[in-house]
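What follows is a single structure, written as structure tokens, with notes after it.
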Amino acid sequence: MAKVICEACESSFPLERVKDLKVCPVCGESLWDEEIENDDNVVVGSNSDESESGLMYFDEIATSYKECPELNGVRAYCGECGKGNSLELDKFKKLVDKEYVILKDNITVTCRGCGKEHKPRKILYKRKDHYAPPLPRCPVCNSAMLKKITTGSKFLAAATMGAFALPYNSKTFECKDCGYRF
């Protein structure tokens, strides 16, 4: 379903509801002078004549790295060259997972691959085509810091504890942050 995002108040609306409106129903600002429609069916109201090729997209917001907070951030990539860029969380005013993120006013983002500057304040969500399968995460604390429980340790537990090691032997991963086994 296509969406329209107002640049003034950052509200999003289904395209079917606001396609005939010229102003935002929330703030009264102009919704668009021209439309930019992306491959992911998101229509962004725009007052400028920028093309889609210079836009950046994001495909993940990481906030679960407790032991290494420098890994937390927004994983963005260039729409033109496809080069990945990791941006720290303090560069953003608003994060809406699986929809869009909004940069702070004084932040500019430049692609590390082609050097093209991303002009709009919004970076839209668009999953990369060649996406690696997701890493397993702890169901309790959502951490990706896991260690695999080896077959050797399962065998050793079964040899020493007998039938009491059955709950341990049925698990595959152990979380390094909270110790939960799953």
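Partners of Leu166 by side-chain contact (heavy atoms from CB on, under 4.5 Å), not counting sequence neighbours: none found. The side-chain hydrogen bond (donor to acceptor under 3.5 Å, both in side chains) search around Arg181 returns none, not counting sequence neighbours. Qualifying side-chain contact (heavy atoms from CB on, under 4.5 Å) partners for Lys176, counting only residues two or more places apart in sequence or in other chains: Met145, Lys147. The side-chain contact (heavy atoms from CB on, under 4.5 Å) search around Pro167 returns none, not counting sequence neighbours.
A side chain to side chain donor-acceptor pair (under 3.5 Å) check over residues 161-172, counting only residues at least two apart or in different chains, returns the pairs Ser153-Tyr168.
Put simply, the side chain of Lys104 never gets that close to the backbone of Lys94: no donor and acceptor are under 3.5 Å apart. Under a 3.5 Å cut-off, the side chain of Asn142 and the backbone N or O of Arg137 do not form any donor-acceptor pair. The closest donor-acceptor contact from the side chain of Tyr77 to the backbone of Ser86 lies at 3.5 Å or more, if one exists at all.
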Derivation of the side-chain contact (heavy atoms from CB on, under 4.5 Å) call for Asp177 and Cys138:
CA-CA 9 Å; Asp177 287 340; Cys138 176; over 6 Å; no
Decide side-chain contact (heavy atoms from CB on, under 4.5 Å) for Glu117 and Thr108; before the verdict, give the C-alpha distance in whole Å, the side-chain angles of both, and the deciding distance to 0.1 Å.
CA-CA 7 Å; Glu117 186 175 316; Thr108 58; 4.1 Å; yes
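Grouping Ile, Leu, Val, Met, Phe, Trp and Tyr residues whose side-chain heavy atoms lie under 4.5 Å apart, directly or via other members, leaves Leu156 alone, with no other cluster members.
Considering every non-hydrogen atom in both Val96 and Phe58, the closest pair reads O-CZ, 4.0 Å. Of all heavy-atom pairs between Pro136 and Phe173, the closest is CG-CZ, 4.0 Å.
Summarising the geometry, atom CD belonging to Glu80 is positioned 5.0 Å from atom SG belonging to Cys114; distances are rounded to the nearest 0.5 Å. Atom-to-atom distance recorded for Leu103:CG and Leu87:CG is 7.0 Å, nearest 0.5 angstrom. Note: Lys122 NZ to Lys93 NZ = 9.0 Å, rounded to the nearest 0.5 Å. Note: Met56 CE to Cys78 SG = 5.0 Å, rounded to the nearest 0.5 Å. Atom CZ in Phe182 sits 8.5 Å away from atom CD1 in Ile149 (nearest 0.5 Å).
Note: the hydrophobic cluster containing Val101 also contains Leu89 (ILVMFWY, side chain heavy atoms under 4.5 Å, direct or indirect links).
The neighbour count for Phe155 CZ, taken as heavy atoms of other residues, nucleotides or ligands under 6.0 Å away, does not exceed 12. More than 12 heavy atoms of other shown residues, nucleotides or ligands fall within 6.0 angstrom of atom NZ in Lys154.
Annotation: side chain of Ile123 is not in contact with side chain of Tyr100 (no heavy-atom distance under 4.5 Å). Looking at Ile107 and Arg121, their side chains come closer than 4.5 Å, going by heavy atoms from C-beta outward. Counting heavy atoms from C-beta outward, Cys141 and Tyr180 have side chains that stay 4.5 Å or more apart. Annotation: side chain of Cys178 is not in contact with side chain of Ser143 (no heavy-atom distance under 4.5 Å).
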